[in-house]
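Here is the structure we will look at, set down as structure tokens.
Keep in mind that the numbers below use all heavy atoms, side chains included, and drop hydrogens, waters and symmetry copies. We name chains A, B, ... by the order of the sequence lines, and we start the count at 1 in each one.
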Protein chains: 2
Amino acid sequence: MAADSQKKATVSSTVEDYLKVVLKIEDMKQRASTSRVARHLDVADATVTDMLRKLKKVGLLEYKPYYGATLTRKGRQMAVRILRRHRLLEMFLHQVLGYGWEQVHQEAERLEHAVSDLFISRIDALLDFPAQDPHGEAIPDARGFRQVEDDLCLSEAEPGSYSVRKVTNSDPEFLAYLDKVGLRPATRLSLQEKAPFQGPLKLLPESGREPVYLGLEASRSIFVLPLKDRPPASAPLPEGRASQGSVGRPGRGAGKE
Amino acid sequence: MAADSQKKATVSSTVEDYLKVVLKIEDMKQRASTSRVARHLDVADATVTDMLRKLKKVGLLEYKPYYGATLTRKGRQMAVRILRRHRLLEMFLHQVLGYGWEQVHQEAERLEHAVSDLFISRIDALLDFPAQDPHGEAIPDARGFRQVEDDLCLSEAEPGSYSVRKVTNSDPEFLAYLDKVGLRPATRLSLQEKAPFQGPLKLLPESGREPVYLGLEASRSIFVLPLKDRPPASAPLPEGRASQGSVGRPGRGAGKE
DNA sequence: CCCTATTTTTAGATCAGTCTAATAAATTTG
DNA sequence: CAAATTTATTAGACTGATCTAAAAATAGGG
């Protein structure tokens, strides 16, 4: 309760976008280099150099020439705030306005810069303080705390039974496809073999559908939780990490209505 | 159904703001002069001169130097579209997110430029196609048709009984005050005397409250409908224009929840 | 350790939207 | 009707975000 001695320091939506991207890159344990940031934002490298320098000047990140950027506490705080807005908005669009999970990202991308804190707190309450967005990604809470995920990437998973935890790719085509073949957060599936170096990965979604084949790119954007019960035909489960689903609160999941 | 041969011609939110203001001024039967537009937008006159010229060039309005601007069909269409978005958003904020009527304007002002058509059509349906916003202003329909209002301004009204139709002033302080004294759309009130040239206008809101005194400015932003039943103590009703309330569909009115 | 390839930064420009100060047109008034 | 006042336009400049092209730094491979 130590008062808000933090100056409000409003930033442009462009700045918000830069911070978001740096956070995303850092979360992927990569170096936020000029070119990487540029690729994510689809701007020229030179533009990023300028902007990173500017953001360093206002104390939102550290910037070492020829190296890249690192968020400061203040910068990270802002970035997480945007992330929260983005994901809450996605959930709102999905749950209240009936958007498909492939439609929410684009709209949230614009709204996250336009809505007020009041708006955010109202939809948060309306949705009963959801812990995940429609893609299964964790929604940071109002204080900026983020759930630690202990899911694993499908491209790394050993054969076994899993439950889809999140999909970290917002391409509408791809998401529409996953939806069509019945792959969504909470979908159970089993994996007969580890992802090959080349070629598609074969999955069997529960609910007796056709097997699904995914490219490497695709399998890298799907994260799963191992299911401990009902071990698969042949291979034994990995071991310890049976974190068993309840990473968040029960909530309403990500069902379509 | 003659196809959309209209190019989508996306405009900046700045342009949207200019169009909106010109529409508003035209609706008030005034000339959209440089300085008037500048006052509404709180920018320098010189800025408006430039912008009006630019908007003329892209065919959104006519512009005569030293005279002012007039919307073209295309410009008016765009302006009405924004107006619709604005008012629908206000209604949404009020009805769904529980905003007070003094809070909705500012938020809608930002959102109107950020939301997609899908968003608008979804909230329209969710609200059951409302005909008025929380201030009682008509919401243009999806085709851009606008209800003709046959209300009259309190500053012009003869003594008699009336029902508040709309309040055309978005100042939060003022609206909070009206709310406090119980003046909202649909509130009935009676007027003992015509608004004086100088000094406050005295109103008696029904529901046995204290009389309310309004300045000229204030009384000019409140529009009412004459009530034909229960004529007031002394003066007879104006005459013909008893349009009797049902200007829109019944809807949910503008109640707070 | 030098040369090439890649990545990054610098330099210089552009565009939209804005400003102030100065000038010019229109309007009001003595 | 001409002077005074108001309103509008021009001129010149700035800011934030972007670009392209050229120069510089870093990183690898012989």
Side-chain angles (χ1 to χ4, degrees), chain A residues 8-22 25-26 28 30-71 75 78-79 82 109-110 112-114, chain B residues 7-22 25-26 28-71 75 78-79 82 109-110 112-114:
Chain A
K8 205 45 169 273
T10 302
V11 298
S12 69
S13 70
T14 308
V15 167
E16 294 183 338
D17 284 338
Y18 277 82
L19 294 176
K20 229 177 33 168
V21 162
V22 175
I25 294 173
E26 288 185 353
M28 294 189 297
Q30 294 180 313
R31 186 162 61 88
S33 66
T34 304
S35 58
R36 194 126 51 197
V37 173
R39 265 197 308 281
H40 276 86
L41 288 169
D42 195 31
V43 298
D45 290 7
T47 309
V48 175
T49 301
D50 277 9
M51 186 54 105
L52 292 185
R53 238 188 328 210
K54 200 170 84 181
L55 295 186
K56 178 195 171 82
K57 199 171 312 176
V58 298
L60 293 170
L61 44 76
E62 290 307 319
Y63 168 59
K64 286 232 196 318
Y66 294 98
Y67 177 80
T70 320
L71 291 171
M78 280 189 146
I82 309 300
E109 202 67 9
R110 269 173 288 110
E112 66 190 9
H113 306 298
Chain B
K7 301 190 181 52
K8 204 46 168 274
T10 302
V11 298
S12 68
S13 69
T14 307
V15 167
E16 293 183 339
D17 284 338
Y18 277 83
L19 294 176
K20 228 176 36 168
V21 162
V22 175
I25 295 172
E26 288 186 352
M28 294 188 299
K29 314 283 183 222
Q30 294 181 312
R31 186 163 62 88
S33 65
T34 303
S35 57
R36 194 126 50 196
V37 172
R39 264 196 310 280
H40 277 86
L41 288 170
D42 194 32
V43 296
D45 290 8
T47 308
V48 175
T49 302
D50 276 9
M51 185 55 104
L52 292 185
R53 237 185 330 205
K54 200 171 86 181
L55 294 186
K56 179 196 170 80
K57 200 171 312 178
V58 298
L60 292 169
L61 43 76
E62 290 308 318
Y63 168 61
K64 286 233 195 320
Y66 294 97
Y67 177 80
T70 319
L71 291 171
M78 280 189 147
I82 309 299
E109 203 67 8
R110 271 173 287 110
E112 66 190 10
H113 305 298

request  = Can you check each nucleotide of nucleotides 15-20 of chain D against protein heavy atoms at under 4.0 Å and return B for base, S for sugar-phosphate only, - for none, in 5' to 3' order?
outcome  = -SSBBB
Whole angstroms only, please: what is the [atom1]-[atom2] distance between [X] and [N]?
| X | N | atom1 | atom2 | value |
| --- | --- | --- | --- | --- |
| B/H113 | C/dA16 | NE2 | P | 18 Å |
| B/K57 | C/dA16 | NZ | P | 10 Å |
| A/K64 | D/dA25 | NZ | C1' | 16 Å |
| B/L52 | C/dT18 | CG | C1' | 14 Å |
| B/E16 | C/dG17 | CD | C1' | 15 Å |
| B/R36 | C/dA26 | CZ | P | 18 Å |

remark   = Heavy atoms of A/L61 and A/L71 approach each other most closely as CB-CA, 3.9 Å
A/A32 to A/V22 - nearest heavy-atom pair and separation = CB-CG1, 4.0 Å
message = Counting C-beta onward and ignoring hydrogens, is there a side-chain heavy-atom pair between B/L60 and B/V11 closer than 4.5 Å?
response = yes
query = Is there side-chain contact between B/M51 and B/V48, with at least one heavy-atom pair below 4.5 Å?
reply = no
request  = Using atom types as modelled and distance alone, determine if a side-chain donor or acceptor of B/E16 lies under 3.5 Å from a backbone N or O of B/H113.
outcome  = no
ask   = Reckon A/T49 touches a base, only the sugar-phosphate, or nothing at all at heavy-atom distances under 4.0 Å?
value = base
key: side chain to side chain contact (heavy atoms under 4.5 Å, CB included) between B/I82 and B/L19, worked out   = CA-CA 9 Å; B/I82 309 299; B/L19 294 176; 5.9 Å; no
ask   = Which listed nucleotide (D/dT26, D/dT10, D/dA8) is nearest to the side chain of B/R53?
value = D/dT10
